[in-house]
Amino acid sequence: MSARVPAPLPRAFYARPTVAVARDLLGKVLVRRVGRRERRARIVEVEAYLGERDAASHARRGPTPRAAIMFGPPGFLYVYLIYGMYHCMNSITETDGVAGAVLIRAAAPLDGSDPTALRGPGKLCRGLGVTMVDKGTDLTIRSSGLYVADDGRSVVRIARSPRIGVDYAGHWAARHLRFFVPQHISVSGPRRNLK
DNA sequence: GCCACGATAGTG
DNA sequence: ACTATCGTGGCG
């Protein structure tokens, strides 16, 4: 009688400052359904992208065709193609009209399968079958087939570091906007704080 | 219309 | 350290 599957996080969860959403996404469960198959994985690594003023964010050029969705209402999925061969997935944050997104970089499978299969943003999307057709998905409804839920567990400690792959972004590259579960096998790149 | 360049990952 | 592979957006 208890819901075996936790409910999707509500829109209000995403309608907050991006850094708060990023931190709070750690430990949450990513639920992906394709047909009758459902996969679940715990989010262990994310990055915050703060909008127009953030030189590392796709929103830095304003609402271009690709990034316009970042300026829209929170709780929707932003997917983009990177290096012509991988996809990356983000949840939109902040209020409608204000750009912001959290890049989900890695998750730990909850079915006991290979803990490195979803390690890194490209592998995460590949492993969950997320592509451009999923851009714009509403993450707050079950019927989307892709959502984030709270199963009651929480992360004990959160580490932070500069974001990965944004060295071109001047002083924004140095800001500690990457959040992860320290020492976790499913985290990509450095698993402890640098600096 | 061009074209340099990525919020990456796998191999050497 | 090198590169596969292609949409995006700056430039003009």
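Chain identifiers are assigned alphabetically (A, B, ...) following the order of the sequence lines, protein sequences preceding nucleic acid strands; residue numbering begins at 1 within each chain.
Under the 3.5 Å distance criterion, the side-chain polar atoms of A/S186 are matched with a main-chain donor or acceptor of A/P115. No side-chain donor-acceptor contact under 3.5 Å links A/R178 to the backbone of A/P162. A donor-acceptor pair is defined here as one N or O able to donate and one able to accept, closer than 3.5 Å; such a pair exists between the side chain of A/D134 and the backbone of A/T131. Side-chain atoms of A/R40 never come within 3.5 Å of backbone atoms of A/V29 as a donor-acceptor pair (strictly under, hydrogens ignored). In terms of modelled atom types and a separation under 3.5 Å, the side chain of A/E94 and the main chain of A/T18 share a donor-acceptor contact. The backbone N or O of A/Y49 lies less than 3.5 Å from no partner atom in the side chain of A/S57, so there is not a single donor-acceptor pair. Judged by distance alone, with hydrogens and angles left aside, the side-chain atoms of A/R16 form a donor-acceptor pair with the main-chain N or O of A/F13 at under 3.5 Å. Judged by distance alone, the side chain of A/R119 and the main-chain N or O of A/I185 form a donor-acceptor pair under 3.5 Å. Of the possible donor and acceptor atoms, one in the side chain of A/R163 sits under 3.5 Å from a partner among the backbone N and O of A/A48.
Put simply, chain A comes within 4.0 Å of DNA chain B, heavy atom to any atom, from B/dG6 to B/dG10, going 5' to 3'.
With rounding to the nearest 0.5 Å, the separation of CD1 in A/I69 from CG in A/L77 is 7.0 Å. Interatomic distance, A/S91 OG to A/I43 CD1, rounded to the nearest 0.5 Å: 7.5 Å.
Taken residue by residue, residues 90-110 of chain A places heavy atoms nearer than 4.0 Å to DNA chain B at A/N90, A/L103, A/R105. Residues from residues 122-130 of chain A lying near DNA chain B, meaning a heavy-atom separation below 4.0 Å, are A/G122, A/K123, A/R126 in numerical order.
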Return one dot-bracket line describing DNA chain B 5' to 3' (Watson-Crick or G-U wobble pairs, both distances under 3.5 Å; ( ) same strand, [ ] crossing, | another strand, . none). ||||||.||||.
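When each of A/R160, A/R105, A/K123 is tested with A/E45 by the rule salt bridge (Lys or Arg N to Asp or Glu O under 4.0 Å), just one qualifies, namely A/R105.
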Heavy atoms under 4.0 Å is the rule here; annotate nucleotides 2-12 of chain C 5' to 3' with B where the base is hit, S where only the sugar-phosphate is, and - elsewhere. --BBBSSSS--
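Both A/L103 and A/F76 are assigned to one and the same hydrophobic cluster, defined by single-linkage of ILVMFWY side chains at heavy-atom distances under 4.5 Å.
A/Y80 is linked by a ring-ring contact (aromatic ring centres under 6.0 Å, His included) to A/H58, A/Y78, counting only residues two or more places apart in sequence or in another chain.
Comparing the P positions of C/dT5 and B/dC2 gives a spacing of 23 Å, expressed to the nearest Å.
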